[in-house]
Amino acid sequence: MDVMKLMMSDYNVETINDGLNEFNVKFHGPKESLYEGGVWKIRVELPDAYPFKSPSIGFVNKIFHPNVDELSGSVCLDVINQSWSPMFDLLNIFEVFLPQLLLYPNPSDPLNGDAASLMMKDRKQYDQKVKEYCVRYAKQEDIMKSTADNETDDDDITDEETGSSDDEIAGHADP
């Protein structure tokens, strides 16, 4: 029911493996923030005990933020990790919790030590790096790219077009 409510809202929801326990949600950076204009694909995994147990939330494309692990995209957010209540729903995550996380980073409880350190030492450089990441990794085509990476479109390309053949020896050097 909760997933359906999210799907009926303004969010673009893409299910994984045709189930409702794993899906991606298109998320826009909040207005009047460093992340404004950025678009992220957020992976959501619902445990079997949901809504009594919190969902797992992670950014698929890169984001520079003290409370988001740069490699895994995992989110450090108390309300999701420790204070979760069955009274919260998925809309709360996308309309309140994630926007608040991006608007008010907490460098004293970091998952990305570099971002936290930079934020505390040089706010201007931190702001610049956040914006740089938004431009490099958080555009519409970036979230489309991460979907396309999971699908192979090589079927339309023939061996003649690529200049290769199964008969060639692997590792054969060009003359």
Side-chain angles (χ1 to χ4, degrees), residues 2-16 21-47 50-51 54-85 87-150:
D2 206 14
V3 178
M4 296 309 249
K5 193 161 108 179
L6 187 66
M7 291 173 130
M8 305 276 275
S9 69
D10 291 335
Y11 293 96
N12 183 340
V13 178
E14 170 188 292
T15 59
I16 299 171
N21 284 359
E22 285 183 70
F23 49 92
N24 294 318
V25 179
K26 183 173 157 183
F27 175 74
H28 294 269
K31 290 185 184 340
E32 298 179 20
S33 77
L34 295 172
Y35 301 94
E36 184 174 12
V39 182
W40 287 269
K41 182 183 284 191
I42 307 294
R43 184 175 177 108
V44 179
E45 293 181 36
L46 300 178
Y50 181 84
S54 66
S56 173
I57 306 292
F59 285 79
V60 175
N61 45 328
K62 283 188 173 191
I63 185 169
F64 192 73
H65 190 285
N67 310 113
V68 180
D69 185 276
E70 190 171 7
L71 295 176
S72 71
S74 296
V75 173
C76 179
L77 190 58
D78 283 347
V79 76
I80 294 175
N81 298 329
Q82 283 102 30
S83 310
W84 181 260
S85 161
M87 292 183 60
F88 298 138
D89 63 14
L90 293 171
L91 276 176
N92 289 124
I93 290 172
F94 291 96
E95 292 181 353
V96 180
F97 304 153
L98 285 179
Q100 291 291 312
L101 177 77
L102 297 187
L103 286 164
Y104 307 106
N106 180 5
S108 60
D109 185 21
L111 277 178
N112 181 337
D114 292 341
S117 177
L118 188 59
M119 182 182 182
M120 290 190 289
K121 290 179 184 164
D122 188 344
R123 185 60 191 242
K124 191 175 179 181
Q125 193 176 356
Y126 167 81
D127 291 356
Q128 184 179 338
K129 190 153 186 175
V130 166
K131 291 176 183 175
E132 181 184 307
Y133 266 57
C134 287
V135 169
R136 286 180 76 183
Y137 305 111
K139 296 186 295 292
Q140 178 67 33
E141 54 266 25
D142 293 317
I143 66 169
M144 300 308 288
K145 203 183 302 173
S146 56
T147 302
D149 289 345
N150 296 334

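In this chain, residues are counted from 1 in sequence order. Predicted model only: the values in this text are computed from it and were never measured.
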Item to check | Working for side chain to side chain contact (heavy atoms under 4.5 Å, CB included), residues M87 and N92 | outcome: CA-CA 10 Å; M87 292 183 60; N92 289 124; over 6 Å; no

Checklist entry - So, do N112 and N67 sit near enough that their side-chain heavy atoms are less than 4.5 Å apart? => result no

Checklist entry - How long is the span from the NZ atom in K129 to the CG atom in D114, to the nearest 0.5 Å? => result 6.5 Å

Checklist outcome for this item: For R43 and I16 the tightest heavy-atom approach is NH1-CD1, 3.2 Å

Next on the checklist: Is it the case that atom CD in E22 sees more than 12 heavy atoms from other parts of the structure closer than 6.0 Å?
Outcome noted: yes

Checklist entry - Between atom SG of C134 and atom NZ of K139, what is the distance when rounded to the nearest 0.5 Å? => result 10.0 Å

Checklist entry - Would you say the side chain of I57 lies within less than 4.5 Å of the side chain of L77, judging by non-hydrogen atoms? => result no

Checklist outcome for this item: Smallest heavy-atom separation, I80 atom then P55 atom, equals CG2-O, 3.5 Å

Item to check | Spacing of F88 atom CZ and S83 atom OG [to the nearest 0.5 Å] | outcome: 7.0 Å

Item to check | Shortest non-hydrogen contact from L103 toward E32 | outcome: CD2-O, 4.2 Å

Checklist entry - Between the side chain of H65 and the main-chain N/O of L101, is any donor-acceptor distance below 3.5 Å? => result yes

Next on the checklist: Do Y133 and E70 pair up side chain to side chain, a donor and an acceptor below 3.5 Å, judged on atom types alone?
Outcome noted: yes

Checklist entry - Can you tell me how far CD of E141 sits from CG of N61, rounded to the nearest 0.5 angstrom? => result 10.5 Å

Checklist entry - Does the side chain to side chain contact (heavy atoms under 4.5 Å, CB included) test come out yes or no for C76 and D109, once each step is laid out? => result CA-CA 8 Å; C76 179; D109 185 21; 3.5 Å; yes

Checklist outcome for this item: In this structure, OH of Y126 is separated from OG of S117 (nearest 0.5 Å) by 12.0 Å

Item to check | Polar side chain donor-acceptor pair, S72 to D69, under 3.5 angstrom | outcome: yes

Checklist entry - So do the side chains of P51 and D2 get within less than 4.5 Å of each other, counting heavy atoms only? => result no

Next on the checklist: With side chain to side chain contact (heavy atoms under 4.5 Å, CB included) as the criterion, how do N12 and V25 come out once you've worked through the C-alpha distance, each side chain's angles and the decisive distance to 0.1 Å?
Outcome noted: CA-CA 6 Å; N12 183 340; V25 179; over 6 Å; no

Item to check | N-O pairing of E14 and K41 below 4.0 Å | outcome: yes

Next on the checklist: Surrounding CE of M4 (heavy atoms of other residues, nucleotides or ligands, distance under 6.0 Å), is the total greater than 12?
Outcome noted: no

Next on the checklist: Can you classify the ring geometry of Y11 versus F94 as parallel (below 30°), tilted (30 to 60°) or perpendicular (above 60°)?
Outcome noted: tilted

Checklist entry - Which heavy-atom pair separates P66 from P107 by the least distance, and what is that distance? => result CB-CA, 4.1 Å

Checklist entry - Tell me, do E45 and N21 make a side-chain contact under 4.5 Å, heavy atoms counted? => result no

Next on the checklist: Can you confirm whether more than 12 heavy atoms, excluding those of Q82, are under 6.0 Å from its CD atom?
Outcome noted: yes

Checklist entry - For L90 and V3, what are the C-alpha separation, side-chain angles and deciding distance, and is it a side chain to side chain contact (heavy atoms under 4.5 Å, CB included)? => result CA-CA 7 Å; L90 293 171; V3 178; 3.9 Å; yes

Checklist entry - How about F23 and L46: do any of their side-chain heavy atoms sit closer than 4.5 Å? => result yes

Item to check | Heavy-atom side-chain proximity of Y137 to I63 below 4.5 angstrom | outcome: no

Checklist entry - What's the spacing between H28 NE2 and L102 CG if we round to 0.5 Å? => result 13.0 Å

Item to check | Test item: I42 and V60 side chains (from C-beta on) under 4.5 Å apart, heavy atoms | outcome: no

Checklist entry - Can you say whether the rings of F59 and W40 are parallel (under 30°), tilted (30 to 60°) or perpendicular (over 60°)? => result perpendicular

Item to check | Contact check, side chains of K5 and L91, non-hydrogen atoms, under 4.5 Å | outcome: yes

Checklist entry - Below 4.0 angstrom, N of the basic side chain to O of the carboxylate: do K131 and D127 qualify? => result no

